[in-house]
There are 2 protein chains.
Amino acid sequence: MGSDRATPVVDLESVRAVCAGCSIQELCLPYGLDKDDLEQLDRIIERKRPLAAGELAYAEGDPFRALFAVRSGVLKTYLLEAEGEEHITGFHFPGELVGLDAISGGIHACSARALDTTSLCEIPFDRLDDLAGRIGGLRQQLFRLMSREIHQDDRERRNQAQAVADPRLAAFLLDVSGRLSKLGFSATTFRLKISNRDLANYLGLAPETVSRLFRRFRERGLATVQSKEVRIHDPERLRALARSLEE
Amino acid sequence: MGSDRATPVVDLESVRAVCAGCSIQELCLPYGLDKDDLEQLDRIIERKRPLAAGELAYAEGDPFRALFAVRSGVLKTYLLEAEGEEHITGFHFPGELVGLDAISGGIHACSARALDTTSLCEIPFDRLDDLAGRIGGLRQQLFRLMSREIHQDDRERRNQAQAVADPRLAAFLLDVSGRLSKLGFSATTFRLKISNRDLANYLGLAPETVSRLFRRFRERGLATVQSKEVRIHDPERLRALARSLEE
DNA sequence: CGGCGACTTGACTTTCTTCAATGATCGTGG
DNA sequence: CCACGATCATTGAAGAAAGTCAAGTCGCCG
């Protein structure tokens, strides 16, 4: 697994990519901006070459200079424990902003690594802040995105606080399903490039437990998860399970 | 336990309270503002009569109009489950902003209840947003506070993901200790107006387990917790325990 | 094709939960 | 001010659940 940083090499093709043509602009920073404002935002955004699976977007401790928007792919963010263990704090899909946790401290509070080929938009924060002062719509969207992050963290905490493991995994699958369907993907069949180990880490379970849970889900006809391919067969019962309303 | 909402009655005495004279302004929104800007912020802030223990600051589903800064006391925020159960998402001490999770949805995503006599500053969000457009320092501090919230949520998730219970409780005590000492209180002896049940709820444990953990902490000379009075005797070993470095 | 890592499966141990009963605390109303 | 009721905290015993350890299987990349 490569530990090398994303190099600032610019892909000439993608330089011309603009928010206006981006399929996820409605879920991202540009939401609600008119043409002029969008152009101003566009000008400060740097689009790098895609990261390969395993590459770092940034590392814990790096000076904070920019936020990153996921354009395609998946990212995991994680804290490093005393013994060098990772502790995964989240998985991030297109339209999501990462690096928000670094604003307050001035250095990145976690590391971000691509789990798949992943394209990012880099948004220098000082310039974004400046724009946010002048463009009310942008400022408000930034507030909304940060607020959404806080709200989702709270909801995820609720799931994690469940003592029993089934609802946690069920809630996770539904969460991902919902996020992906907002992007236009199928809510019932998708590819999840997250290893069993990473998933277990994120959910606070042993990898063996996650494996056993997937088997139970399959036996009960709730969902099939085989080699990263997820098929949700019974969203309703899965939802019930996520709320601990089912045995 | 009163379920009534905080009435908008204004305490004449506290109307004249201003950020400039507030002991926690360095931890709150005013941080870094000069006199003029501070005055502008001051003018939009409404200081209500203190909430009694058990009173609601706002309820899940209420339309979002304002953020609240805790000036004194403690607040708990919680989500309501399907069966009417609370799920506590956080405890909030002076200098902390609550309601941030409501910006994105336009309605409060959780409820906030006072656990003790609690004074709040109410900050109408549309006016705050307006000011944030004109005062760079205010905007940046708001970004910082939201960022800190996101970062702390991530760190709390790390604790919760611990399968074993001791480190979770140890981490919680240290977290509170740190937050209170920043306010000028003792880091080793403090009053924690949080019920055993609420604490267990927050940590995702059974109340009985929390009780047993406190007994073990006492037997091992780590900390004493009796009727809301917390005494941390051995911060170092508690820290080691929080990182699972101690048996 | 070989080897390495990730996933699966089983047996056993540890830990927390649950259930139940007792004891302490707090607020209230007499 | 005290007595009562209710809620909350503590403790014990039994059961359920996930963790750990270990071995075997699968799949992927070199």
Side-chain angles (χ1 to χ4, degrees), chain A residues 1-2 52-54 76 83 85-86 88 115-117 159-170 172 191-220 223-230 241 244 246-247, chain B residues 1-3 52-55 76 83 85-86 88 113-117 159-170 172 191-220 223-230 241 244 246-247:
Chain A
M1 185 171 294
K76 73 171 172 184
E83 306 82 31
E85 297 272 312
E86 292 181 4
I88 296 174
L115 296 181
D116 196 358
T117 305
N159 296 331
Q160 295 240 354
Q162 278 285 356
V164 73
D166 304 54
R168 280 196 258 179
L169 185 56
F172 175 80
R191 199 139 231 281
L192 194 60
K193 298 223 71 171
I194 298 176
S195 73
N196 205 331
R197 165 193 291 254
D198 277 353
L199 180 51
N201 179 317
Y202 175 71
L203 294 175
L205 301 170
E208 293 94 328
T209 304
V210 172
S211 185
R212 283 186 253 264
L213 288 175
F214 277 145
R215 178 164 49 118
R216 269 196 271 170
F217 280 12
R218 195 184 330 130
E219 289 166 358
R220 295 206 263 163
T224 313
V225 181
Q226 270 168 352
S227 61
K228 312 270 177 288
E229 191 75 21
V230 179
L241 182 61
S244 313
E246 180 146 330
E247 116 283 10
Chain B
M1 185 172 295
S3 270
E55 275 187 299
K76 73 171 172 184
E83 306 82 30
E85 297 271 312
E86 293 182 3
I88 297 174
R113 194 182 291 275
L115 296 180
D116 196 357
T117 305
N159 296 332
Q160 295 239 356
Q162 279 286 354
V164 74
D166 304 53
R168 280 195 258 179
L169 185 57
F172 175 79
R191 198 140 231 281
L192 194 61
K193 299 223 72 172
I194 298 175
S195 72
N196 204 333
R197 165 193 292 252
D198 277 354
L199 181 50
N201 179 317
Y202 176 71
L203 294 175
L205 301 170
E208 294 94 327
T209 304
V210 172
S211 185
R212 284 184 251 264
L213 288 175
F214 277 146
R215 178 163 50 120
R216 269 195 271 169
F217 281 10
R218 197 185 327 131
E219 289 167 357
R220 294 206 264 162
T224 314
V225 181
Q226 271 168 352
S227 61
K228 312 272 179 288
E229 191 74 20
V230 179
L241 182 62
S244 313
E246 180 146 328
E247 117 282 10

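Values below: every heavy atom of this structure, side chains too, minus hydrogens, waters and symmetry copies. Each chain gets a letter, A, B and so on, in the order the sequences are listed, and its residues count up from 1. For clarity, every value in this text was computed on a predicted model and none was experimentally measured.
Two residues are said to be in side-chain contact when any heavy atoms from C-beta on lie closer than 4.5 Å; R216(B) and L169(B) fail this criterion. Contact check for R220(A) versus L241(A): side-chain heavy atoms found under the 4.5 Å cut-off. A 4.5 Å side-chain heavy-atom check between D198(A) and L115(A) finds at least one atom pair inside the cut-off.
For the pair R197(B) CZ and dA6(D) C1', the computed distance is 12 Å after rounding to whole Å. Atom CD in Q162(A) sits about 13 Å away from atom P in dA17(D), given to the nearest Å. Between the CG atom of L199(B) and the P atom of dC8(D) there is a distance of 14 Å, given to the nearest Å. Atom-to-atom, CG of L169(A) to P of dC7(C) comes out at 14 Å; the value is rounded to the nearest Å. Here the P atom of nucleotide dT15(C) and the CG atom of L203(B) are 18 Å apart, to the nearest Å. Across the protein-nucleic acid pair, N201(A) atom CG and dA6(C) atom P stand 13 Å apart, rounded to whole Å. When rounded to the nearest whole Å, the span between CZ of R216(A) and P of dA16(D) equals 14 Å. Atom-to-atom, CZ of R191(B) to P of dT25(C) comes out at 12 Å; the value is rounded to the nearest Å.
In this structure, the side chain of Q160(A) engages the main chain of Y202(A) through a donor-acceptor pair within 3.5 Å. Between the side chain of R113(B) and the backbone N or O of K76(B), no donor-acceptor pair lies under 3.5 Å.
Residue R197(A) places its CZ atom among 12 or fewer non-hydrogen atoms of other residues, nucleotides or ligands, all under 6.0 Å distant. Heavy-atom neighbours of E229(B) CD from other residues, nucleotides or ligands within 6.0 Å: above the threshold of 12.
When each of dA18(D), dC16(C), dT18(C) is scored by its nearest atom to the side-chain atoms of A206(B), the top-ranked nucleotide is dT18(C).
Of the side-chain N and O atoms in K228(B), none sit less than 4.0 angstrom from OP1 or OP2 of dT25(C). A close approach under 4.0 Å does not occur between any side-chain nitrogen or oxygen of R168(B) and OP1 or OP2 of dT15(C).
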Notebook entry, point to check: Could you write nucleotides 8-13 of chain C as a row of B, S and -, 5' to 3', where a protein heavy atom under 4.0 Å of any base atom gives B, of only sugar-phosphate atoms gives S, and otherwise -?
Noted result: SBBB--
Notebook entry, point to check: What string of B, S and - do you get for nucleotides 24-29 of chain D, 5' to 3', when a contact is any protein heavy atom under 4.0 Å?
Noted result: ------
Next item on the list: Evaluate the side-chain contact (heavy atoms from CB on, under 4.5 Å) criterion for residues F214(A) and L199(A): first the C-alpha distance (whole Å), next the side-chain angles of each, then the deciding distance (0.1 Å), finally the verdict.
Entry: CA-CA 12 Å; F214(A) 277 145; L199(A) 180 51; 3.8 Å; yes
Margin query: Does D116(B) form a salt bridge (Lys or Arg N to Asp or Glu O under 4.0 Å) with K228(B)? I'd like the steps, not just the answer.
Written below: CA-CA 12 Å; D116(B) 196 357; K228(B) 312 272 179 288; over 6 Å; no
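Along DNA chain C, the nucleotide nearest S195(A) and the nucleotide nearest A165(B) are compared for position; the residue whose nucleotide lies closer to the 5' end is S195(A).
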